[in-house]
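Nothing here was measured: the structure is a model prediction, and the numbers come from that model. Chain naming here is simple, since letters A, B, ... match the order of the sequence lines and numbering starts at 1 in each.
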2 protein chains.
Amino acid sequence: MKGGKEAERTKPAPALRERAGTARPRMADVARIAGVSTATVSRALRQPELVSPQVRSKIDAAVEHLSYRPNLMAGALASARSKTIGVIIPSMINAFFSVTLEAIEEGLAGAGYQLLIGNSHYELESEERLIASMLAWSPAALVVTGCRHSRGAMRALLDTDVPIVEMWELTDNPIDTAIGFSQRDIGVAVARHFKERGAKRLGFVGAMHQRDYRADARRAGFFETAQSIGYEPPAEVQLPGLPTSVRGAKAFAELMAEHSDVDAVLCTNDVVALGALFEAQRLGWSVPDRLKICGVGDVDFAAACEPRLSTVSLPRRAIGLKIAEVLRERIAGRLPTGGVHDLGFELVRRGST
Amino acid sequence: MKGGKEAERTKPAPALRERAGTARPRMADVARIAGVSTATVSRALRQPELVSPQVRSKIDAAVEHLSYRPNLMAGALASARSKTIGVIIPSMINAFFSVTLEAIEEGLAGAGYQLLIGNSHYELESEERLIASMLAWSPAALVVTGCRHSRGAMRALLDTDVPIVEMWELTDNPIDTAIGFSQRDIGVAVARHFKERGAKRLGFVGAMHQRDYRADARRAGFFETAQSIGYEPPAEVQLPGLPTSVRGAKAFAELMAEHSDVDAVLCTNDVVALGALFEAQRLGWSVPDRLKICGVGDVDFAAACEPRLSTVSLPRRAIGLKIAEVLRERIAGRLPTGGVHDLGFELVRRGST
DNA sequence: CAAGTTAATGTAACCGCTATCATCATCGGT
DNA sequence: ACCGATGATGATAGCGGTTACATTAACTTG
């Protein structure tokens with residue numbers, strides 16, 4: 001309340017406008033003007049087919065006239081369900097999840113749903129907290145990333161009757177619905193691809209070994225398959241912290257310094273692979289002749305770089321669209337039970353291998 | 001209700017668990033167990049200092065015992081304010097906004113706020129719709145991208161007493177608080193930088209001319225400054241659709257095909273610049289000797305590529321942190337009025353210029 | 001020690017909408 | 001003409017908190 005030079009502000013401080021503005025119209029106002037009860041207005045808004053056309057149009061007119069917007073919190077409280085979709089992702093920066101998020105939004109925002117977004121930072125405890133606070137909003141559905149959860153999180157997810165979707169991974173035992181692809185099989189596919197291309201010695205650049213267990217599943221698939229098809233265990237470097245191109249370049253340089261016989265490297269994702277590609281260029285390893293590099297993700301620049309980056313295309317967008325589809329069905333009451341949807345992935349063979 | 005093979009599902013369909021589970025505890029339950037009134041419980045939870053230590057600990061114990069979680073919707077309805085921050089961004093995929101989002105989240109999620117996120121797809125009408133639906137949640141604050149809004153959006157923003165933050169841009173006339181930097185000055189700075197480096201003829205690769213008016217402001221600064229310091233108007237290509245590396249490469253190739261005298265190109269962002277860089281490599285234009293390339297954004301790979309990309313570092317994270325800071329003050333009731341915060345940008349001179 | 005504060009708690013009226021149940025025409029069938 | 005359906009609408013009790021106001025106890029202060 002330092003008052004004083006308010007005048008220049010475009011928008012007066014709350015206190016000043018308190019008495020000025022007319023309050024937001026309530027449903028009761030609409031009802032009064034339309035000459036019906038609030039119950040009818042409520043019906044007209046959510047299940048128009050239950051209201052006669054004449055009454056409906058009177059109500060529409062009143063809504064229009066007052067520019068009435070329902071108070072969502074009141075509705076949510078009364079119906080014990082909010083027009084909200086909770087989504088928990090492990091990182092907001094990772095372009096993978098952003099695309100999925102955007103697709104979910106596209107598929108659901110049109111239906112009037114709001115996305116409530118939480119960032120777990122790849123931490124299970126953090127996820128547990130987020131799940132708890134999101135469930136406190138009684139969302140229409142909750143989408144979590146991955147199928148691995150803390151005990152508390154698991155309990156909360158099983159205990160609620162909010163539809164749950166686990167994404168970006170598969171499991172034999174979904175809480176409700178799982179939509180994703182096999183992370184492990186990616187590693188398998190790349191190992192075989194390297195074999196096909198005649199690589200003699202494999203390498204791997206990973207990141208966040210301990211925290212991103214999905215990336216770890218890819219690694220496991222790669223290592224196991226490598227051995228089963230006759231390679232010795234791949235040479236490996238792990239990035240400290242989040243995967244970035246700069247770190248990728250550095251880690252790649254270390255890997256090659258220690259294991260100069262490596263002639264095919266799988267990078268945990270395309271950003272890291274890009275760093276490796278540039279570093280290879282600087283160090284004079286010719287790609288793909290002397291050295292093959294493969295990424296994961298098929299992000300935009302993978303098709304633009306030189307040589308073009310071989311990578312694994314993930315169904316980032318398809319996951320989001322499928323989630324929206326399933327959720328629409330689920331919320332509408334059809335499709336009472338969940339299931340597992342494997343959306344697959346695709347190895348994209350380009351110039352770098 | 002197709003019933004039948006439910007047995008294998010981990011989580012029974014809603015209908016089945018209806019009568020089973022005990023209902024979630026309500027505040028009244030906590031009050032009863034602690035032997036106080038709900039008013040006291042409410043106080044203990046939101047303003048603990050108003051409750052005596054003894055009572056407080058009894059309440060804490062009851063909360064713990066029941067593992068009570070307040071129903072946020074009820075609280076929001078009663079107090080006409082929800083622990084929610086609405087954020088509207090023009091694109092979820094753009095890494096710039098993701099970083100800002102993450103910073104906002106870091107700064108506020110700890111305080112128990114949930115982020116409600118909307119994607120305007122660079123459309124003002126879409127933004128207007130989102131503003132309306134977000135305000136229906138009575139968020140604790142609303143963050144929008146940019147200072148340009150449709151008439152309806154403007155009215156809604158001025159009309160509400162929810163604190164508003166406009167980000168990623170500056171204005172003389174903020175609705176409430178603006179936190180960002182001058183987009184126009186970026187174009188100015190790069191034009192001067194090219195001059196400094198001895199460029200003779202400038203080029204520009206843009207995108208979404210019509211929709212992304214912030215990018216357009218950068219362009220305007222670049223063009224005007226170019227002319228005022230003695231260049232002829234820069235040669236220009238506009239990408240069709242969203243800026244990607246692939247399109248950037250293509251557009252760059254076109255630009256150079258038509259204007260082979262160009263020796264310094266500003267790309268609307270780093271992703272596009274990366275595409276251009278690769279294309280230059282393919283076409284045999286040596287960077288930076290024959291051709292200089294500058295991006296905008298300073299995304300991770302800009303420091304990793306070869307040559308390293310000169311670019312403009314934007315305060316992506318700082319914007320988010322500042323927003324969180326201002327909002328915390330604002331919501332706490334201190335700092336009743338808004339203001340404009342210029343967080344600046346930095347021209348990062350690297351190998352590509 | 002009476003009167004005025006201050007601190008701690010209780011009472012109860014909302015917040016604005018949803019959903020259940022009751023009401024009341026209207027209508028086809030017999 | 002009577003009766004049970006059927007359809008449209010109204011009355012109203014919550015949903016689960018918050019908060020203004022009332023109440024009571026403890027504490028100053030002259």
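Distance CD1 (I59(A)) to P (dC17(C)): 13 Å, rounded to an integer number of Å. For the pair L50(A) CG and dG7(D) P, the computed distance is 10 Å after rounding to whole Å. The interatomic distance linking E49(A) (CD) with dT6(D) (C1') rounds to 16 Å, in whole Å. Atom pair Q54(A):CD and dT9(D):C1' shows a separation of 12 Å (rounding to whole Å applied). In this structure, CG of L77(A) is placed 14 Å from P of dC15(C), rounded to the nearest angstrom.
For R46(B), a side-chain nitrogen or oxygen approaches OP1 or OP2 of dT18(D) to under 4.0 Å. Not one side-chain nitrogen or oxygen of T40(B) sits closer than 4.0 Å to the OP1 or OP2 atom of dT9(C). The phosphate of dC17(C) has OP1 or OP2 within less than 4.0 Å of a side-chain N or O from Y68(A).
Among the protein residues, A80(A) comes within range of no part of the nucleic acid, since none of its heavy atoms lies under 4.0 Å from any strand. Among the atoms of the strands shown, base atoms are found under 4.0 Å from some heavy atom of S42(B). Here V55(A) lies in heavy-atom contact (under 4.0 Å) with sugar-phosphate atoms only. Among the heavy atoms of the strands lying under 4.0 Å from S52(A) are primed sugar atoms or P, OP1, OP2 only; no base atom is included. Counting non-hydrogen atoms under 4.0 angstrom, V51(A) reaches the backbone sugars and phosphates but no base.
Out of dT18(D), dG16(D), dC17(C), the shortest distance to the side chain of P70(A) is found at dC17(C).
When the shell of 6.0 Å around CD of E49(B) is examined, it contains more than 12 heavy atoms from other residues, nucleotides or ligands.
The existence of a salt bridge linking E325(A) and K322(A) is confirmed by a sub-4.0 Å separation between a basic side-chain nitrogen and an acidic carboxylate oxygen.
Side-chain atoms of R24(A) stay outside donor-acceptor range of the base of dG16(C), with no qualifying N/O pair under 3.5 Å.
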